[in-house]
Amino acid sequence: MKLTDPRTGAPRRTLDAARPPEVAAAVATARAARPAWSALTPRERHRRLAALADLIERHADDYLAAECAGTGKPDAEAAGEIAEVADLFRFYGGAVRAGTSPAAGDYLAGHQSWVRWEPVGVVAAIVPWNYPLLMAGWRCAPALAAGNTVVLKPAETTPDSALLLAEHAEQALGPGVLTALPGDRETGRLLVSAGCDLIAFTGSPTAGTDITARAGLTPVSLELGGNSPVLVLPDAPADTWRQLAAACTYNAGQSCAAPARVIVLDETYQHAVTALAAAMAKRHAGRDFGPLNNPDQAARYDRIVAQSGARVVHSAPGRTDGLWRPATVLADLPADDPAVVEEVFGPLLTVQRAATLDQAVALAESVPQALAASVWTTDLTTGLALTDRLSAGEVWLNCHLAQSAELPHSGRRGSGAGTDLSTLALREYQRPKTVTARLT
């Protein structure tokens with residue numbers, strides 16, 4: 001695999017993609033390490049996961065270089081994500097110590113029953129290129145804390161931080177507990193069929209459908225992207241447009257939960273378009289956000305914009321060479337426009353109009369994805385009522401992309417089935433076992 005720097009297009013590294021021998025060896029290594037790792041007490045796993053967090057923080061500059069080389073994102077964005085990953089390993093190490101089980105006791109005459117939560121075994125974690133280290137943390141931290149071993153397959157274009165994480169995991173957790181397996185799509189397909197006990201995948205709906213078909217009876221946890229609606233009411237806070245422009249261009253818009261489809265009422269449509277364009281004009285590619293990650297994503301982005309029947313209201317200044325794309329606002333879109341129906345995954349916002357709140361909700365719910373959404377209004381009663389009507393797994397009120405390790409992140413409909421973050425994510429990587437004993 002020939003890796004390039006998305007900021008310049010220049011070659012930066014060459015790696016061999018894992019093929020059947022390497023995939024089989026990685027899974028066998030994880031399988032061999034599983035009994036000793038899962039036998040550790042939660043306290044000891046916590047101690048070792050905290051040691052891994054310490055190594056991440058101690059080598060933050062190395063992680064920063066690895067993340068920026070693969071993604072091109074600004075240093076400040078990458079540094080914040082590295083700090084979050086260290087926090088995730090500490091959080092889940094502590095969370096598993098406080099775990100609770102279903103009720104236990106005397107449910108059958110002359111018998112006593114209780115429930116154990118057990119690790120599933122070997123987890124294959126396949127993560128995307130938009131947040132290489134952060135998505136690895138979202139998947140690996142709860143899986144490891146629950147007592148599983150993990151084979152981590154990073155995206156083809158961004159293996160750098162995963163390799164560094166596996167190196168530090170060997171020091172802190174022990175050999176074979178977390179293995180990185182760099183490779184391409186074929187590597188991922190091989191891993192799915194390699195006999196792991198659970199497949200944890202974050203990526204596109206097309207790839208998720210393929211993985212589900214290949215996995216057969218192996219359990220699959222899926223996060224398949226979003227296309228977040230943003231309902232902006234006439235009484236929205238004054239900083240709404242600035243906040244949306246910042247959230248849309250964070251990571252160049254390459255976030256599953258990024259704001260995507262702004263929906264406003266007819267009475268404020270023209271003002272909304274003008275105000276949003278002015279806010280996006282202040283976000284410059286190369287200064288405020290990074291490039292798109294790879295040529296395939298850039299080509300997909302360009303295709304969606306070219307096929308759109310929308311009016312380009314504003315395309316901000318900044319770098320436009322190579323894989324850089326400007327902050328852009330599209331207006332006057334039909335409901336079936338490609339920029340509305342598809343997840344654009346770039347620094348772009350569409351603006352749609354609705355005659356009533358009911359129509360606005362209908363527009364919000366009109367796409368297959370249901371991962372995240374936001375509502376903007378100073379009337380909290382109305383705002384909270386709208387959060388109830390949106391079927392996304394995560395809904396924000398007067399903010400967007402506000403996330404914490406303690407709060408679950410999950411999709412509905414076409415956005416997948418599974419939970420990341422919070423103690424609920426531990427259940428993705430555990431299975432209950434009921435034990436019933438006859439009393440004599």
Side-chain angles (χ1 to χ4, degrees), residues 53 56 63 67 71 73-74 76-95 125 127-143 145 161 200-203 221-231 237 239-240 242-261 289-290 343 345 347 349 369-376 383-384 387 390-412 415-429:
I56 292 170
Y63 280 100
E67 283 290 275
T71 65
K73 62 180 64 185
E77 287 186 11
E81 290 160 20
I82 292 163
E84 286 185 42
V85 171
D87 179 64
L88 281 170
F89 283 108
R90 291 197 181 94
F91 172 80
Y92 280 107
V127 299
W129 42 256
N130 56 333
Y131 295 103
L133 184 63
L134 187 60
M135 292 298 99
W138 280 25
R139 291 300 195 176
C140 294
S161 55
F201 173 75
T202 302
S221 174
L222 299 172
E223 199 268 70
L224 302 179
N227 192 358
S228 301
V230 177
L231 273 59
D239 66 346
T240 295
R242 178 179 61 82
Q243 294 280 357
L244 288 176
C248 170
T249 54
Y250 183 85
N251 201 36
Q254 299 169 122
S255 172
C256 296
R261 300 176 293 126
F289 60 92
E343 182 183 22
F345 224 57
L349 283 169
Q369 307 92 341
L371 183 68
S374 63
V375 178
W376 300 75
L384 289 172
T387 66
L390 296 172
S391 61
E394 188 167 10
V395 184
W396 294 287
L397 180 56
N398 295 331
C399 56
H400 205 107
L401 288 183
Q403 295 175 312
S404 171
E406 293 84 356
L407 301 172
H409 174 80
S410 60
R412 302 179 181 182
S415 290
T419 300
D420 289 311
L421 299 178
S422 83
T423 57
L424 297 178
L426 289 169
R427 298 296 181 246
E428 296 287 299
Y429 308 99

Under a 4.5 Å cut-off applied to non-hydrogen side-chain atoms, are [X] and [Y] in contact?
X: L134; Y: E84; value: yes
X: L371; Y: E223; value: yes
X: L244; Y: W376; value: yes

Donor-acceptor pair, side chain of [X] and main chain of [Y], under 3.5 angstrom:
X: Q254; Y: N130; answer: no
X: K73; Y: A252; answer: no
X: S415; Y: L224; answer: no
X: S228; Y: A372; answer: yes
X: W396; Y: A402; answer: yes
X: Y92; Y: T423; answer: no

- Closest non-hydrogen atom pair, S221 against E428: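 Looks like OG-OE1, 2.6 Å.
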- Task: Find the distance between CG (L88) and CG (L421) and round it off to the nearest 0.5 Å.
- Result: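 The CG atom of L421 is 6.5 Å from CG of L88, to the nearest 0.5 Å.
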- Message: Could you measure the distance from the OG1 atom of T202 to the CE atom of M135? Nearest 0.5 Å is fine.
- Response: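 Between atom OG1 of T202 and atom CE of M135 there are 6.5 Å.
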- For W138, check ring pair (Phe, Tyr, Trp, His ring centres under 6.0 Å) against everything at least two apart and list the hits.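 With sequence neighbours excluded, W138 shows a ring pair (Phe, Tyr, Trp, His ring centres under 6.0 Å) to H409, given in chain and number order.
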- Task: Check ring pair (Phe, Tyr, Trp, His ring centres under 6.0 Å) between F289 and all other residues, then give those that pass, not counting sequence neighbours.
- Result: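 None.
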- Query: Mind checking whether F345 and W129 have parallel, tilted or perpendicular rings, split at 30° and 60°?
  - Reply: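 It falls in the perpendicular class, over 60°.
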